[in-house]
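One structure is given below, encoded as structure tokens.
Counting starts at 1 for both ligands and their atoms, in listed order. Values below: every heavy atom of this structure, side chains too, minus hydrogens, waters and symmetry copies. Predicted model, so just to flag it, every value in this text is computed and none were measured.
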Amino acid sequence: MSTQNPVFIPGPTNIPDRLRYAMSIQTTDHRAPDFVELLTPVLDDVKKVFKTTTGQIITFPSSGTGGWEAAITNTLSPGDKVLVARYGMFSHRWIDMCQRHYLDVEIVDCEWGTGAPADIFAERLSADKNHEIKAVLVTHNETATGVKSDIAAVRSAMDVSDHPAMLYVDCVSSLGSMDFRMDEWGVDLAVSGSQKGFMLATGMAIVGVSEKAMKATETAKCPRCFFDFRDMAGANAKGGFPYTPPLQLIYGLRESLKMIEEEGLENVFARHYRLAEGVRQAVRAWGLQLCAKTPDLYSDSVSAIYVPQGFDSDVLTNHAFDTYGVSFGVGLGEMAGKAFRIGHLGSLTDVMALSGLTAIEMSMADLNYPVKLGSGTIAAQEYYRKTAAVPQQQAA
Ligand SMILES: *Cc1c(COP(=O)(O)O)cnc(C)c1O
């Protein structure tokens, strides 16, 4: 089977050759004096992607989940109340993690396919006169359903209630793919990882920490050791690491930031929108439904698509893999068997996106879906032609 086909899972994402080479470096001594010259500018540059000047960046050798554990344990104490909405598998996982850390979790259950309910948050926060709620937790891009939540609206809900809770945002599958504004949205903890928008190998949790969140580490009582912000920030300030750093990933991140800078962050977002919109045009042409209920909720990094009644989405994704060697995201949690996902984030072009659309279309045709072979691909082709950045050659 070819290993050249792109993956259409929503992470880890395709690693561009340039980043594979950047990560292919020999061991150097992280205690040597020149390590600071590598690490410090990288941590500074990551701030631009988070859109923060007042926050600080803390990384750990870990996947994104470790970033969440770090965010929670460094800033909260057992028994602290947190407000969180569940509208997909990832928001569910954070609830589970909070409970395992003995937090008092106030859950707002929402229909999957919707996003963070700013209006309900406003009600709950206004009712919380004694300010027992210490944190509001939001998954910016719910990767299970392809739903993007309005973080600015959540911030407004907190502001109108004049509530001092901190705002924690999971931006693992949005950062570097969709607009994220840590400072403007007043985000206290923004959790991401290396293997999605940054197009790198898995293994680095990347967390944006506000001044307020950093202050909270002084009183937070959740046990932590490996993930202690204070150890990491203290060592980083001297240009070091409290333990062995993921050196290859730091080199990779440096190059990834260069690539994002060269393309321009806003252009990166525009490219993701265009790729996503082509996929959405294909879904429409197939006559299928997105899990995301309304256009304002559409994610530009992943589309979750319901299969027609009577079909099993796991059979479809397995078929695409077995027959054409192409991976798509499976339905997670409530979506298992009912929906498949097309990841379209990271290093992707329109031509790559089209290859995924044709592969899933062939798979649907093989399995006798009521979908016209070519219909989605044509819709996406038309959209990509119309919106191509490079002027088309005039036919002679
Ligand atoms: C990928 C992802 C994570 C992190 O998962 P890891 O496998 O631990 O890196 C967290 N939240 C969301 C929304 C994600 O898409």
**Asked** Which ligand 1 atoms, with their elements, are less than 4.0 angstrom from a heavy-atom of Ser173?
**Response**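 What qualifies from ligand 1 is 13 (C), 15 (O).
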**Request:** Could you list which atoms of ligand 1 come closer than 4.0 Å to a heavy atom of Asn141?
**Result:**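 What qualifies from ligand 1 is 13 (C).
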**Message:** Among Leu345, Thr65, Thr143, which one puts a heavy atom closest to atom 8 (O) of ligand 1?
**Reply:**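 Considering heavy atoms of Leu345, Thr65, Thr143, the nearest to atom 8 (O) of ligand 1 sits in Thr65.
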**Item:** Phe180 vs His140, ring pair (Phe, Tyr, Trp, His ring centres under 6.0 Å): CA-CA, chis, key distance, verdict
**Value:** CA-CA 9 Å; Phe180 185 82; His140 183 207; 5.7 Å; yes
**Request:** Quick one: sort the Phe227 and Phe60 rings into parallel, tilted or perpendicular, breaks at 30° and 60°.
**Result:**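 Plane angle over 60°, so perpendicular.
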**Prompt:** Mind checking whether Phe226 and Tyr243 have parallel, tilted or perpendicular rings, split at 30° and 60°?
**Reply:**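 Phe226 vs Tyr243 ring planes: parallel.
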**Prompt:** Between Thr54 and Glu211, is any side-chain donor less than 3.5 angstrom from a side-chain acceptor?
**Reply:**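 No donor-acceptor contact under 3.5 Å links the two side chains.
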**Request:** Give a yes-or-no answer on whether the side chains of Ser301 and Ser177 include a donor-acceptor pair shorter than 3.5 Å.
**Result:**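 No pair is found: no donor N or O on one side chain lies under 3.5 Å from an acceptor on the other.
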**Prompt:** Could you go step by step and tell me if Tyr369 and Ile360 meet the side chain to side chain contact (heavy atoms under 4.5 Å, CB included) rule?
**Reply:** CA-CA 11 Å; Tyr369 275 55; Ile360 201 72; over 6 Å; no
**Message:** Taking a cutoff of less than 4.0 Å between a non-hydrogen atom of the residue and any ligand atom, is Trp94 in contact with ligand 1?
**Reply:**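 Trp94: in contact with ligand 1 (<4.0 Å).
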For [X], which part has a heavy atom under 4.0 Å from ligand 1: side chain, backbone, both, or neither?
X      : answer
Val191 : neither
Val172 : side chain
Gln195 : side chain
Lys196 : side chain

**Lys293 NZ/CZ over Tyr87 ring centroid, <6.0 Å and within 45° of normal** =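 So Lys293 doesn't make the cation-pi contact.
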**Prompt:** What's the shortest distance from atom 11 (N) of ligand 1 to any protein heavy atom, and which residue and atom give it?
**Reply:**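 Checked against all protein heavy atoms, atom 11 (N) of ligand 1 sits closest to Asp170 OD2, 2.6 Å.
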**Message:** Please check whether Ser63 reaches ligand 1 - meaning an N/O of the residue sits under 3.5 Å from an N/O of the ligand, judged on distance alone.
**Reply:**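 The answer is yes, given that Ser63 and ligand 1 share an N or O pair closer than 3.5 Å.
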**Asked** With only distance considered, is Gly64 within less than 3.5 Å of ligand 1 through an N or O on each side?
**Response**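 Gly64 vs ligand 1: N/O contact under 3.5 Å present.
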**Request:** List the steps, then state whether side chain to side chain contact (heavy atoms under 4.5 Å, CB included) holds for Phe35 with Leu247.
**Result:** CA-CA 9 Å; Phe35 181 67; Leu247 195 72; 3.7 Å; yes
